[in-house]
Amino acid sequence: MVQVVLPNDANPLGYILGGTVMHLIDIVGAIACFRHARQRVVTAAVDGLQFLHPIKVGDLIILSAQVTATFRTSMEVEVRVSSEETLTGRRRLTSHAYLTFVAIDADGRRVEVPDLVLESDQERARADQAGARREARLAAKQTLADIEVDRRD
Ligand SMILES: CC(C)(COP(=O)(O)OP(=O)(O)OC[C@H]1O[C@@H](n2cnc3c(N)ncnc32)[C@H](O)[C@@H]1OP(=O)(O)O)[C@@H](O)C(=O)NCCC(=O)NCCS
């Protein structure tokens, strides 16, 4: 996805809002998962997100997404965000994130997703690493659920 950063997307300094970048990351991640699964998807988790450089009004924001691993009903997708100066063509990586989407049917029930076809050693290694990240996410989710239970007690 490529967009030009317009004044409406920016803060008073003339840089794109972090929330706008997060919105676009969510959208491109969802598109990649949707195209893989051909099912409705919802965002289950977004891993730590960094903003390395600002993107200014008039620059291009370029987002690319790739499904890295599939599980039963969930998928991990990697999103990379870059800026491109329109006059020089200079590109910089500005953000990177892993998101998890869960496939659901029209009634909100989880549905299985097709296996990802892993063709290269690099893709296989990435999918293995995704398994470890998934464990960490589910542990973090459990910690949050436990805090919620403690607060109710
Ligand atoms: C995401 C959601 C559907 C998961 O529901 P749940 O009852 O916790 O689901 P389950 O425990 O049955 O897990 C379903 C799958 O999601 C995965 N999952 C759930 N929460 C996760 C998390 N925080 N991180 C990573 N994976 C997660 C599970 O591992 C499981 O994967 P698998 O089937 O591939 O093994 C539910 O929490 C939800 O609806 N959340 C709100 C989503 C939302 O509104 N997003 C923003 C707008 S789209």
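Starting from 1, each residue takes its place in the sequence as its number.
Under a 3.5 Å cut-off, the side chain of R124 and the backbone N or O of L118 do form a donor-acceptor pair. Listed for the T73 side chain is no donor-acceptor partner under 3.5 Å among the backbone atoms of V102. No side-chain donor-acceptor contact under 3.5 Å links D107 to the backbone of R109. Remark: side-chain polar atoms of R110 are paired, donor with acceptor, to backbone N or O of G108 under 3.5 angstrom. Panel note: side chain D26, backbone H23; no donor-acceptor pair is recorded below 3.5 Å. Judged by distance alone, with hydrogens and angles left aside, the side-chain atoms of H36 form a donor-acceptor pair with the main-chain N or O of P114 at under 3.5 Å.
The shortest side-chain heavy-atom distance between H96 and E78 falls under the 4.5 Å cut-off. Within the 4.5 Å cutoff, the side chain of V46 has no heavy atoms near those of the M22 side chain. The shortest distance between side-chain heavy atoms of V2 and E84 does not fall below 4.5 Å. Put simply, the side chain of E112 does not reach to within 4.5 Å of the side chain of Q39, judged on heavy atoms. At least one side-chain heavy atom of Q142 sits under 4.5 Å from a side-chain heavy atom of D146. Between V67 and C33, some side-chain heavy-atom pair lies under the 4.5 Å cut-off.
Taking every heavy atom of both residues into account, A97 and I25 meet most closely at CB-CG2, 4.3 Å.
Q3 pairs in a side chain to side chain contact (heavy atoms under 4.5 Å, CB included) with only one of the listed residues (D59, T20, L24, L60), which is L24.
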